Every structure is written in structure tokens, then in C-alpha cells.
Amino acid sequence: MVDTLNKTDAVEEFIERIGVLTQADGAPRIAGRLFGLVIVENRPMSLREMAERLQVSKASISTNARQLARAGFLRLTTRPGSREDLYELPRDPYRKLVRSMTKKLTEKAAVIAEIEELFTDEQVDIRERIHHLAEFYRSAAEVLDEWYDKLPPAP
């Protein structure tokens, strides 16, 4: 049975777990925490606000926000009359996530297929296993592509 957390604790837990999941994928934990924060807040936030909320430096927030914006997971915006950069959740960021995952799987398949060619005919057993791994990544990318095409747009 899962313990019930109060609203604040649940939000904090979500932000932290998204950070850990992001770190497990090889990206900075702070990038995941930042993405989690913007998901729960669902409003434009300044770098200062995000830094205070996550208790990290503004420089770290700035670096990670720019990286997330380049990847399409955050959107840079402004308020009229303000020179402060704001970041918000773009429309349909999860479709961008699927595209990002598909690209990574496709790139892995290509690298592995390239390496497969280095093995000689005498190493057919090794080559077959490597081919199977490349096909695994290629097939996973195809499945994600098909799924992407079926995803309804975000509200």
C-alpha cells in the first residue's frame, strides 16, 4: 500500500523523482527537477523563481533551462515590459520526448550496425548477436514512431 502524502510533499516527491529518472537517462538531475517543476507549476517562471524554488544556483538553472528549451521540453517566453526571461511548458512536450527517444534508438542502431561490419565471416556467431542488438534498437524506434503517429495532440 502506498503512503498518502500531503499536496506539498507529493509535489516535492514528483520533482525529485523526475530528476532521478532524468539522471538515470544520462542527463543532469537538475534538468529533470526543472522539467518536473515546470510541469507542476504550469506557468511561466523566471530563472530566479526556479532557482529559489529548487534551491540551486541561478547559473545552473539557466544552463539547464537553455538545454531543455533547445530540446523542446521548455519554451522561452517573456512578459510585456519585463526584460526577464521566463520558461514554461510548451504545448505537447511529451510528443517531443517520444521523438527524442526514437532518435536515440535510431542512432544506437546505426552505430551498432556499423560496428557489425567490422567482424569477419569467421566471427559469424558474434556478428549475429551484434546484428540482433542493432535490430532490437531499430525495431524499438519503429514501434515508437508508430505509437507517435497514433498519439492524440495535447489539449
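Keep in mind that this is a model prediction, so the values were computed, not measured.
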Q | Distance (rounded to the nearest 0.5 Å) between Ser62 OG and Met50 CE | A | 8.5 Å
Q: Answer yes or no: is there an ion pair linking Arg43 with Glu88, defined by an N-O contact shorter than 4.0 Å?
A: no
Q.
Does atom CZ (Phe136) have a neighbourhood of more than 12 heavy atoms from anything else shown, all under 6.0 Å?
A. no
Q: Taking the side chain as every heavy atom from C-beta outward, state whether Asp149 and Glu146 have any atom pair closer than 4.5 Å.
A: no
Q | Non-hydrogen side-chain atoms of Asp145 and Arg99 separated by less than 4.5 Å | A | yes
(Q) Check for me, please, whether Leu54 and Val20 land in the same ILVMFWY cluster - side-chain distances under 4.5 Å, paths through other members count. (A) no
Q) In the single-linkage hydrophobic clustering (I, L, V, M, F, W, Y; side-chain heavy atoms under 4.5 Å), do Val124 and Ile130 co-cluster? A) no
Q. Do you know the tightest heavy-atom contact between Ala31 and Leu68?
A. O-CD1, 3.3 Å
(Q) So, taking the atom named CG in Leu21 and the one named CZ in Arg29, what distance separates them when rounded to the nearest 0.5 Å? (A) 10.0 Å
Q) Is a salt bridge present between Arg127 and Glu117, judged by a nitrogen-to-oxygen distance below 4.0 Å? A) yes
Q.
So, taking the atom named CG in Leu89 and the one named CD in Glu41, what distance separates them when rounded to the nearest 0.5 Å?
A. 11.5 Å
Q. Are Glu107 and Lys103 side-chain neighbours, meaning at least one heavy-atom pair lies under 4.5 Å?
A. yes
Q) Side-chain contact, heavy-atom cut-off 4.5 Å: Thr106 with Tyr137? A) no
Q. Do Glu128 and Phe119 have side-chain heavy atoms sitting under 4.5 Å apart?
A. no
Q. Distance-only, no hydrogens or angles: does the Thr22 side chain make a donor-acceptor pair with backbone N or O of Ile18 under 3.5 Å?
A. yes
Q) Quick one: are Glu84 and Arg48 in side-chain contact, heavy atoms under 4.5 Å? A) yes
**Q.** Interatomic distance, Ser139 atom OG to Leu144 atom CG [nearest 0.5 angstrom]
**A.** 11.0 Å
Q.
Side chains of Leu74 and Leu34, heavy atoms from C-beta outward: is any pair under 4.5 Å?
A. yes
**Q.** Shortest non-hydrogen separation from Gly72 to Pro90 and the atoms involved
**A.** O-CG, 3.3 Å
Q: Could you check if a side-chain atom of Ile39 sits within less than 4.5 angstrom of a side-chain atom of Phe14, using non-hydrogen atoms only?
A: yes
(Q) As an exercise, state the distance from NZ of Lys58 to OG1 of Thr63, rounded to the nearest 0.5 Å. (A) 12.0 Å
Q: Give a yes or no on whether Leu86 and Ile61 share a hydrophobic cluster (residues Ile, Leu, Val, Met, Phe, Trp, Tyr; joining criterion: side-chain heavy atoms under 4.5 Å apart).
A: no
(Q) Between Thr102 and Val98 (side chain of the first, backbone of the second, donor and acceptor by atom type, cut-off under 3.5 Å), is there such a pair? (A) yes
**Q.** Donor-acceptor contact below 3.5 Å, side chain Arg53 vs main chain Leu37
**A.** no
Q) Do any N or O atoms from the side chain of Gln123 and from the backbone of Thr120 form a donor-acceptor pair under 3.5 angstrom? A) yes
Q: Starting from the C-alpha separation in whole Å, work towards a yes-or-no answer on side chain to side chain contact (heavy atoms under 4.5 Å, CB included) for Leu133 and Glu116.
A: CA-CA 10 Å; Leu133 179 61; Glu116 175 188 347; over 6 Å; no
Q | Distance, nearest 0.5 Å, that separates CE of Met45 from CD of Glu52 | A | 9.5 Å
(Q) Assess the residue pair Leu47 and Tyr87 against the criterion (side chain to side chain contact (heavy atoms under 4.5 Å, CB included)); give the C-alpha distance rounded to whole Å, side-chain angles, the decisive distance to 0.1 Å, and a yes or no. (A) CA-CA 8 Å; Leu47 296 172; Tyr87 288 90; 3.6 Å; yes
**Q.** Heavy-atom closest pair, residues Phe35 and Phe73
**A.** CE1-O, 3.4 Å
Q. Mind checking whether Ile112 and Val143 sit in one hydrophobic cluster, side chains of I, L, V, M, F, W, Y counted as touching below 4.5 Å?
A. no
